[in-house]
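To start, the structure under review is shown below, and the notes come after it.
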Amino acid sequence: MEMERILDLEGRPLRPPRLSLEESRVLLKAMLLIRTFDSRALSLQRQGRIGTYAPFTGLEGIQAAAVRSLTAADWLVPTYRDTGAAILFGLPLLEALAYWKGFPDSYRAPADRQILPPSVPIATQIPHAAGIGWGLKHQKKEGIVLTFFGDGATSEGDFHEGLNFAGVFKTPVVFLCQNNGWAISVPFHRQTAAESIAIRAQGYGIHGRLIDGNDPLMVAEAVQEAAERARSGEGPTLIEARTYRQGPHTTSDDPRRYRQEDPLETTLGDPVERLRLYLQKEGAWSAEEEEETLQEAREKVAQAVAELEALPRPSPESIFEHVYGAEPPFFQQQRDRFLATLKEAQE
Amino acid sequence: MEMERILDLEGRPLRPPRLSLEESRVLLKAMLLIRTFDSRALSLQRQGRIGTYAPFTGLEGIQAAAVRSLTAADWLVPTYRDTGAAILFGLPLLEALAYWKGFPDSYRAPADRQILPPSVPIATQIPHAAGIGWGLKHQKKEGIVLTFFGDGATSEGDFHEGLNFAGVFKTPVVFLCQNNGWAISVPFHRQTAAESIAIRAQGYGIHGRLIDGNDPLMVAEAVQEAAERARSGEGPTLIEARTYRQGPHTTSDDPRRYRQEDPLETTLGDPVERLRLYLQKEGAWSAEEEEETLQEAREKVAQAVAELEALPRPSPESIFEHVYGAEPPFFQQQRDRFLATLKEAQE
Amino acid sequence: MSPGTEKTLLAAVTEALDVALAEDPRVLLLGEDIGLNGGVFRATDGLFEKYGGERVVDTPLAESAIVGAAIGLALSGLRPVAEIQFMGFLYPALDQILSHVSRFRYRSRGRFTVPLVVRMPYGGGVQAPELHAESAEAHLVHTPGLKVAVPSTPADAKGLLLSAIDDPDPVLFLEPMRLYRSVKGEVPAGVHKVPLGKARIVREGNDGVIFCWGAMVPPSLQAARRAKEDGFDVAVVDLRTLSPLDRETIGKFARQTGRVLVVHEAPLTGGLGAEIVAICQEEAFWHLEAPPQRVAVPDTPYPAFAVEEDYLPQGATIYRALQKTLKEP
Amino acid sequence: MSPGTEKTLLAAVTEALDVALAEDPRVLLLGEDIGLNGGVFRATDGLFEKYGGERVVDTPLAESAIVGAAIGLALSGLRPVAEIQFMGFLYPALDQILSHVSRFRYRSRGRFTVPLVVRMPYGGGVQAPELHAESAEAHLVHTPGLKVAVPSTPADAKGLLLSAIDDPDPVLFLEPMRLYRSVKGEVPAGVHKVPLGKARIVREGNDGVIFCWGAMVPPSLQAARRAKEDGFDVAVVDLRTLSPLDRETIGKFARQTGRVLVVHEAPLTGGLGAEIVAICQEEAFWHLEAPPQRVAVPDTPYPAFAVEEDYLPQGATIYRALQKTLKEP
Ligand SMILES: Cc1ncc(C[n+]2csc(CCOP(=O)(O)OP(=O)(O)O)c2C)c(N)n1
Ligand SMILES: Cc1ncc(C[n+]2csc(CCOP(=O)(O)OP(=O)(O)O)c2C)c(N)n1
Ligand SMILES: [Mg+2]
Ligand SMILES: [Mg+2]
């Protein structure tokens with residue numbers, strides 16, 4: 001399988017892109033917003049103002065290009081790595097930050113946005129995505145599902161079972177593998193002996209594509225085509241987007257222990273850079289615009305950070321909220337006793 | 001992927017087989033032995049003399065042809081469906097029958113035969129096979145692993161994880177899928193939207209083959225080649241052997257509920273029949289020989305049945321045997337008390 | 001409540017599913033061999049024919065995906081009822097159960113909920129192959145956010161299952177395989193619900209109490225009847241819902257009788273018997289006249305079926321234990 | 001026993017693995033990121049460099065296959081030590097644990113055995129993301145055929161781990177994440193073994209006893225010290241092996257003190273606390289002067305980390321419970 005690409009590393013189109021220049025500009029702006037968020041979140045973590053954080057530096061192209069195909073009827077099923085996608089699909093910045101600060105009330109999307117909380121156990125969200133798609137189809141509801149996962153996730157049983165279900169029930173789901181070459185310290189060639197993940201699509205009787213994930217125009221087209229297939233009843237698509245993990249796995253990780261130079265860095269470049277070069281060459285992007293966009297992004301993020309830090313410390317009561325739809329009596333009793341003891345103990 | 005075959009349905013070779021006539025005769029005899037066992041076990045079950053039984057009628061070709069490539073250094077990792085393979089690799093008939101009678105002491109292979117107890121939870125033995133192969137390779141021990149599983153098993157996460165491990169660690173394992181077209185009542189085309197299971201091999205970077213499982217000569221060659229690959233360090237092979245489930249799933253199953261005519265029956269024929277036709281045409285098999293072989297087989301099986309029925313009812317003590325390598329004190333105490341109470345209660 | 005008919009527990013399960021499918025278009029059944037085949041025990045017999053393959057759905061052989069996809073179905077607005085063929089085959093789905101089914105409401109702060117029922121036959125005594133006789137309720141009860149129900153009568157099978165399907169939270173529904181066809185009883189027609197969380201008093205008594213569930217109810221009753229011949233009135237309480245446990249009834253009977261026996265067919269150590277004993281401590285310490293006793297299977301894997309009758313608690317072994325409890329000074 | 005040095009619990013784990021690799025060529029480590037990266041907690045730090053990639057093996061990201069392949073490695077004659085990155089990620093491997101690891105010896109009548117160790121960090125208190133703070137020991141203890149060990153000191157970490165690797169049966173080895181670096185202590189050099197199945201008396205006392213393990217040992221000790229200020233001598237027993245439980249020591253201290261507290265960081269219902277209370281009933285009923293009490297986390301999923309300190313038992317909450325137990329008439 002050959003990796004598909006539209007823009008080369010210098011941002012030169014190898015064929016005419018489907019996206020208009022204006023669409024591409026919107027895309028770049030979205031990427032700059034989440035890149036700003038990402039780097040701010042990283043520094044908040046370094047300052048001890050939020051907890052462990054999983055950066056998506058270098059994945060802005062995939063995440064921004066993917067969610068632009070979604071509408072309000074659609075579902076986003078993200079992992080810990082996909083904060084950028086969630087934000088661009090409508091998750092408030094404050095909710096995203098509160099999540100990484102370990103606040104129970106967090107990652108809450110607006111009522112008109114179906115964004116699941118991020119899945120932490122690897123690959124387990126893949127059957128959920130298959131099931132949501134199945135449910136939408138069964139109920140003849142509008143809407144498709146977009147789910148993200150990493151290269152490491154493709155080794156888990158749930159990846160396999162979920163994709164096989166999606167194939168059998170022909171569900172409207174886009175399975176988007178962000179193959180960043182690493183699962184923490186394990187390089188892709190140790191994750192599997194297969195040449196690609198995309199090649200597995202035929203093993204599930206579904207459509208598969210291998211694309212350059214650092215080429216935002218390619219991602220945008222591939223996801224849009226997959227979304228169209230899904231919407232028109234042609235079933236699921238597995239897209240493998242090849243990319244490169246620029247930073248550490250999370251802020252708890254020290255990549256110097258296991259990664260020296262990585263050829264991917266030079267063969268894939270940076271998605272923001274590539275799209276910017278393209279737009280600049282087309283005369284559709286200027287340094288002033290960049291500065292304006294960044295300025296706006298920084299303000300938005302700063303505003304969210306201010307709100308975050310104004311939030312009161314979550315109460316112990318929150319521990320007991322949302323366990324049951326209708327609380328059994330034992331549970332109420334347990335809560336009351338627990339909170340009373342805690343209060344006594346803290347006195 | 002095209003299904004490979006040597007013998008057509010009338011037993012005519014489409015190309016010269018690798019097996020000599022004498023080897024093919026031995027193979028047919030082996031198939032007749034286990035077919036005799038299988039039909040006797042079925043009738044024992046109908047008479048209430050053993051418990052639920054999973055027949056392998058129609059799989060004699062695969063099972064007999066596969067184990068002929070094994071040596072004493074090798075490992076057999078079977079499921080409930082593979083009693084025929086186990087017997088031909090050396091499991092005493094009595095041990096096989098005692099297993100289906102629910103006796104704790106059963107399915108015990110001779111010391112020079114590495115036959116694992118059959119795996120009942122579907123697909124869970126596949127990672128074990130990968131692990132044994134890895135262990136043999138690690139220790140530079142001679143030996144390869146042969147494991148069986150059905151088409152249904154290929155939908156389980158453990159199939160995927162096990163094959164991916166085998167690919168990464170390049171373990172000497174032959175993964176043999178007996179695709180009999182059904183997982184109880186679920187036909188293959190509802191099990192997966194993929195065209196074949198063999199096609200998945202490339203998704204694990206391993207060798208894959210799609211063969212006619214009712215062609216014993218084809219199975220023999222394919223397994224032998226896979227075993228040779230494994231022995232020479234070339235890693236695992238996934239073989240999908242297409243076959244047809246002639247009987248019910250188990251004696252508890254009533255296939256009339258879900259299966260009418262099945263085209264597979266006519267496109268694949270019967271393995272015993274096909275090999276017999278071949279040998280007859282080659283002048284290497286006679287009616288007398290057939291009768292002699294069957295007579296011998298019936299005697300062997302009858303002998304085992306007689307031994308089975310002479311076995312004493314297993315004791316309650318057996319419940320407590322082989323739980324631990326070194327029994328903790330609580331366990332000894334628990335056993336003593338339990339057995340005492342049981343005795344009192346039964347008085 | 002309309003007048004009912006005599007039915008097996010199995011038929012009562014089928015009837016509950018039938019009612020649910022008829023009453024609520026959101027209900028969808030999924031599992032292995034539940035369609036044309038009607039399930040390996042025939043619990044879905046006739047439902048595929050009646051409601052079609054879109055609502056009674058055969059899935060590929062993959063338990064983690066059955067539960068995982070059922071989560072998705074529930075999130076999308078449906079009321080899925082998944083069947084796991086035998087409780088031992090819930091194990092591959094435990095990750096989805098422990099990591100997701102039980103936590104979606106919590107994690108999403110009430111926004112995304114999983115009103116899912118997972119049904120499965122459980123327990124021993126029918127001469128089945130390995131791993132076809134598991135009693136793994138303790139794992140589920142120890143998982144916050146799940147409910148666990150176990151009927152022991154046909155009426156309860158129907159009533160609890162309909163409550164489970166209606167419940168806003170995920171319910172694991174364990175059907176005692178041994179009672180599927182061996183127990184018959186009146187089953188109210190139409191929509192019949194038995195509330196989750198309330199034990200059933202099978203038999204009153206002041207001299208002692210047996211707490212039990214599922215297939216352990218009949219032998220426990222047998223033991224209580226034998227004790228009656230010795231002059232003891234022993235209550236039998238069928239807990240019926242294992243999560244949440246009916247602490248009130250457990251406490252009441254422990255106080256009322258002072259002598260407690262718990263019976264289960266899961267291994268002793270870490271089994272639910274321990275929890276019930278602990279609850280008796282907490283609710284009735286000063287009333288206990290003898291150490292609460294646990295009758296359970298020993299701490300071994302479930303043995304090959306030729307010895308399962310010896311392994312499982314029987315009327316006679318329960319009676320022996322009861323005698324000790326009743327005669328403790 | 002050679003004189004040791006002061007080490008963290010984490011370093012003691014590393015040292016045990018180092019000793020095992022050096023002493024026994026059959027030992028092989030496998031898991032996610034345990035090679036060059038040395039494990040996400042650095043428990044295997046330096047071992048890849050010292051023993052090579054054939055004996056300290058990074059695997060694909062697949063827990064069921066890690067355990068399943070480790071079974072195969074063990075069957076083939078090796079002594080595999082698998083690392084699961086966090087206890088919450090044991091869940092996808094539970095099928096292999098419950099269906100196979102615990103049953104191979106039984107099923108094969110002693111012929112095929114699985115002398116496997118599965119190590120993993122467990123428990124809360126380090127501000128980790130969701131599912132990184134699970135305490136799922138009860139599931140394992142309820143599984144016959146498994147052993148379960150939990151050290152709370154560096155010396156025990158080394159000694160129990162070496163015993164586990166040497167044991168003929170599978171051992172699940174739970175490492176309290178919170179104590180990895182917060183606890184230091186003398187660790188004997190070379191081969192140092194602590195037998196499985198024996199509790200450690202952390203502190204003697206006749207007025208009450210706290211049974212605890214893992215990261216609950218330090219706050220339990222703190223509570224006992226505070227009780228001392230009130231004039232009570234409270235024993236603290238670190239159970240150290242959760243399966244098999246040291247029934248003898250539990251019974252002895254229950255009888256000796258009559259007042260029992262169990263502390264764990266798993267949810268209350270169906271937690272191991274219940275089993276220990278039940279054992280106290282069975283071994284010490286007539287000696288108990290107050291209802292045995294359980295201090296555990298409430299029956300909710302593990303919450304987001306901003307509230308985990310409130311959620312987890314602390315010295316002060318344990319002390320409150322202890323006061324009640326000690327003052328019961
Ligand atoms: C079931 C499970 N196992 C292990 C982990 C620990 N873990 C978190 S992220 C990660 C690597 C994931 O790699 P990949 O799927 O490639 O995604 P990436 O982080 O590179 O985006 C691991 C092992 C986990 N979260 N869940
Ligand atoms: C994990 C698990 N789920 C379900 C079952 C019940 N079951 C036994 S055999 C079977 C079908 C297996 O089909 P296949 O893999 O094609 O093998 P076959 O029996 O056709 O040889 C099922 C569902 C099981 N044994 N294990
Ligand atoms: Mg990755
Ligand atoms: Mg099959």
Side-chain angles (χ1 to χ4, degrees), chain B residues 75 77 103-109 111 114-121 123-139 141 143 145 147 156-158 160-169 171 173 318-331 333-334, chain D residues 25-26 28 30 54-55 57-78 80 82 92-93 95-96 98-100 102-116 144-147 167-170 196-197 241 243-248 279:
Chain B
W75 291 68
V77 180
F103 277 38
D105 287 324
S106 66
Y107 221 97
R108 293 165 305 180
Q114 295 164 127
I115 304 175
L116 293 194
S119 192
V120 170
T124 52
Q125 80 283 7
I126 297 176
H128 307 164
I132 297 170
W134 176 5
L136 295 174
K137 182 178 167 184
H138 177 89
Q139 295 165 88
K141 281 189 184 172
V145 187
T147 187
E156 290 277 9
D158 272 0
H160 174 74
E161 297 190 11
L163 265 79
N164 192 49
F165 262 57
V168 168
F169 297 111
T171 61
V173 185
S318 68
I319 293 169
F320 294 87
E321 288 160 11
H322 309 296
V323 176
Y324 291 106
E327 284 174 3
F330 97 92
F331 186 77
Q333 210 178 55
Q334 192 180 85
Chain D
R26 296 171 306 170
L28 178 156
L30 71 158
E54 301 278 302
R55 297 189 68 200
V57 190
D58 278 333
T59 66
L61 210 177
E63 289 76 10
S64 185
I66 289 174
V67 173
I71 290 174
L73 290 167
L75 292 172
S76 83
L78 294 169
D95 185 26
Q96 287 290 345
L98 304 185
S99 302
H100 290 297
S102 62
R103 297 183 207 230
F104 246 105
R105 175 186 294 279
Y106 197 60
R107 179 186 295 151
S108 71
R109 313 313 281 161
R111 165 93 184 262
F112 296 107
T113 65
V114 181
L116 163 67
L146 300 181
K147 291 177 179 166
D167 202 85
D169 292 307
L196 298 175
T241 302
S243 184
L245 280 165
D246 186 349
R247 284 183 79 104
E248 206 185 306
I279 291 175

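All values derive from a computational prediction rather than experimental measurement.
- At a 4.5 Å heavy-atom cutoff, D:Leu61 makes no contact with chain B through either its backbone or its side chain.
- Contacts between B:Glu321 and chain D at a heavy-atom distance below 4.5 Å involve backbone atoms as well as side-chain atoms.
- Interface remark: D:Arg247 contributes side-chain atoms only to the contact with chain B (heavy atom separation under 4.5 Å).
- Counting heavy-atom pairs closer than 4.5 Å to chain D, the top residue among B:Val168, B:Asn164, B:Leu116 is B:Leu116.
- Residue contact with chain B, scored on non-hydrogen atoms closer than 4.5 Å, involves the side chain of D:Val57 exclusively.
- Neither the backbone nor the side chain of D:Glu248 comes within less than 4.5 Å of any heavy atom of chain B.
- Comparing B:Gly133, B:Pro104, B:Ser106 by how many heavy-atom pairs each has under 4.5 Å with chain D, the most go to B:Pro104.
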Does the pair D:Arg55 and B:His138 meet the rule for a side-chain hydrogen bond (donor to acceptor under 3.5 Å, both in side chains), with working shown? CA-CA 9 Å; D:Arg55 297 189 68 200; B:His138 177 89; 5.1 Å; no
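- The one candidate from D:Leu75, D:Leu116, D:Asp169 that meets the side chain to side chain contact (heavy atoms under 4.5 Å, CB included) condition with D:Phe104 is D:Leu75.
- Relative orientation of the B:Tyr324 and B:Phe331 rings is perpendicular, given thresholds of 30° and 60° on the angle between their planes.
- Chain D forms the most heavy-atom pairs under 4.5 Å with one residue out of B:Ala166, B:Ala326, B:Ala111, and that residue is B:Ala111.
- For chain D, no part of B:Ile126 is nearby; none of its heavy atoms comes within less than 4.5 Å.
- Only the side chain of D:Leu30 comes within contact range of chain B, with at least one heavy atom under 4.5 Å from a heavy atom of that chain.
- When each of D:Arg107, D:His100, D:Arg26 is scored by its heavy-atom pairs under 4.5 Å with chain B, the top score falls to D:His100.
- Looking only at heavy-atom pairs under 4.5 Å with chain D, the residue among B:Pro329, B:Gly143, B:Ala109 that has the most is B:Ala109.
- Between B:Pro121 and B:Thr124, the shortest heavy-atom distance links the atoms O-OG1, 2.6 Å.
- Among the candidates D:Gly77, D:Ser99, D:Gly197, the residue making the largest number of heavy-atom pairs closer than 4.5 Å to chain B is D:Gly77.
- When every heavy atom of D:Leu73 is checked against every heavy atom of D:Pro80, the shortest pair comes out as CB-CG, 4.0 Å.
- Interface residue D:Arg111: only side-chain heavy atoms are found under 4.5 Å from chain B.
- A donor-acceptor pair under 3.5 Å is formed between the side chain of B:Lys141 and the backbone N or O of D:Ser76.
- The choice from B:Ile115, B:Val120, B:Thr171 that makes the most heavy-atom pairs within less than 4.5 Å of chain D is B:Ile115.
- D:Thr241 places no side-chain N or O within 3.5 Å of a backbone atom of D:Leu196 that could act as its donor or acceptor partner.
- Using a 4.5 Å cut-off between heavy atoms, D:Leu78 contacts chain B through both its backbone and its side chain.
- Between the side chain of B:Gln334 and the backbone N or O of B:Phe330, no donor-acceptor pair lies under 3.5 Å.
- Nearest heavy-atom pair across D:Tyr106 and B:Ser318 is OH-O, 4.2 Å.
- A distance-only check finds no donor-acceptor pair linking the side chain of D:Arg105 to the backbone of D:Val114 [under 3.5 Å].
- With sequence neighbours left out, B:Asp158 forms a side-chain hydrogen bond (donor to acceptor under 3.5 Å, both in side chains) with D:Ser64, D:Gln96.
- At a 4.5 Å heavy-atom cutoff, the contact between D:Leu146 and chain B is made by backbone atoms alone.
- Looking at D:Ser102, there are no atoms closer than 4.5 Å to chain B (heavy atoms on both sides), in backbone or side chain.
- Of all heavy-atom pairs between D:Pro92 and D:Glu63, the closest is CG-OE1, 3.8 Å.
- Interface remark: of the candidates D:Pro244, D:Pro60, D:Pro144, D:Pro60 forms the most heavy-atom pairs closer than 4.5 Å to chain B.
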